[in-house]
Protein chains: 2
Amino acid sequence: MSERTWSIGELAEEFDTTLRTIRFYEDRGLLAPERQGTTRVFHARDRVRLQLILRGKRLGFTLDEIAHVINMYDETPGERGQLAFLIADIGKRREALLAKRRDVNEALAELDDLEERCRADLDRLSDSR
Amino acid sequence: MSERTWSIGELAEEFDTTLRTIRFYEDRGLLAPERQGTTRVFHARDRVRLQLILRGKRLGFTLDEIAHVINMYDETPGERGQLAFLIADIGKRREALLAKRRDVNEALAELDDLEERCRADLDRLSDSR
DNA sequence: GCATAGCTTGACGCTTACGTAAACGTCATG
DNA sequence: CATGACGTTTACGTAAGCGTCAAGCTATGC
């Protein structure tokens with residue numbers, strides 16, 4: 001049961017990004033793929049991390065923020081105090097995401113309004129033909 | 001019934017941004033406040049535009065994309081073909097927003113998972129006390 | 001009449017997030 | 001064996017989005 005691995009090129013293609021970008025993320029400490037010689041070898045874990053990074057980017061988070069979140073998933077501390085901190089942190093992240101969802105919903109609602117007005121305009125044009 | 005207006009400083013404070021940022025948006029053609037002499041005077045319309053800009057930024061859109069959307073709200077063309085284009089455009093924007101909402105929801109779900117695991121860990125620590 | 005608060009226009013600086021080019025190694029294939 | 005496909009590092013370039021002076025105007029209160 002040998003685990004599948006990926007090359008940097010495969011991941012870049014799969015997620016529609018570039019080699020440069022992936023290397024940059026490694027440089028910033030967001031990825032740490034295995035090396036076989038000098039060549040990077042990405043395991044499933046690295047692939048998931050890359051997905052997390054790219055999703056974070058799509059949502060407008062900075063790489064620093066994303067690094068913070070990714071590390072939350074990795075650490076999973078055993079100690080009591082650390083766990084409490086982590087849970088508090090999760091709360092903050094959730095708030096940020098909920099705020100973002102509210103923004104999205106508002107924007108969608110306004111878009112709906114606009115489309116409705118457009119369709120009304122179209123109808124008027126059809127009637128007065 | 002004189003309409004209320006705002007100074008650049010008032011808007012910066014209200015929306016927790018800076019004079020520099022607002023001026024930058026004007027420079028980029030996203031805002032075009034009235035002038036009394038050299039001083040900018042912002043009307044309700046400008047204020048709304050600023051809100052749209054800032055929300056777009058929070059969602060990770062570029063200023064160019066935001067400019068595009070803002071102009072959609074402004075133009076409201078009277079001609080038939082233009083209206084069809086606009087409606088198509090609205091569809092694209094909606095898709096982008098829905099994709100973003102999916103991303104948010106996924107991230108929230110994973111956050112929930114993580115928190116659950118943390119709480120389970122805390123419980124184990126309490127039990128074995 | 002002068003200080004203070006708030007506005008103005010430059011203009012240069014800076015960080016983030018990569019793009020891009022140079023120069024090179026490695027492996028498979030015709 | 002050389003040609004291409006893939007990988008590597010190093011390093012400079014660049015666009016976006018502002019921050020940060022500098023130098024100056026303007027109105028208002030004391």
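Chain A is the first sequence line, chain B the second, and so forth, proteins listed ahead of strands; every chain is numbered from 1.
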Any donor-acceptor pair under 3.5 Å from B:Lys100 side chain to A:Leu59 backbone: no
A:Ala67 backbone acceptor or donor facing A:Asn71 side chain under 3.5 Å: yes
Below 4.0 Å: OP1/OP2 of [N] and any side-chain N or O of [X]:
X       : N      : result
B:Thr21 : D:dG19 : yes
B:Tyr25 : D:dC18 : yes
A:Thr18 : C:dG19 : yes
A:Thr39 : C:dT26 : no
B:Lys57 : D:dA16 : no

Rounded distance in Å - [atom1] ([X]) to [atom2] ([N]):
X       : N      : atom1 : atom2 : value
A:Phe61 : C:dT15 : CZ    : P     : 23 Å
A:Arg23 : D:dT9  : CZ    : P     : 7 Å
B:Leu19 : D:dA22 : CG    : C1'   : 16 Å
A:Gln36 : C:dG25 : CD    : C1'   : 16 Å
A:Glu10 : D:dC6  : CD    : C1'   : 11 Å
A:Ile8  : C:dG25 : CD1   : C1'   : 16 Å
B:Asp27 : C:dA11 : CG    : P     : 12 Å
B:Ile66 : D:dG17 : CD1   : P     : 7 Å

So if I take every side-chain heavy atom of [X] and compare against [options], which nucleotide ends up nearest?
X       : options               : result
B:Phe24 : C:dC7, D:dG17, D:dG7  : D:dG17
A:Arg20 : D:dT8, D:dC18, D:dA11 : D:dA11
A:Thr38 : C:dA17, C:dC7, D:dT8  : D:dT8

Between [X] and [Y], what is the shortest heavy-atom contact and its length?
X       : Y        : result
A:Val41 : A:Thr5   : CG1-CB, 3.7 Å
B:Leu83 : A:Asp121 : CD1-CB, 3.7 Å
A:Arg93 : A:Phe61  : NH2-CE2, 2.9 Å

5'-most by nearest nucleotide on DNA chain D - A:Gly9 or B:Leu63: A:Gly9
Touch class at under 4.0 angstrom, heavy-atom based, for B:Arg40 against every strand present: sugar-phosphate
Sugar-phosphate only, base, or nothing, as touched by B:Arg28 at under 4.0 Å among non-hydrogen atoms: sugar-phosphate
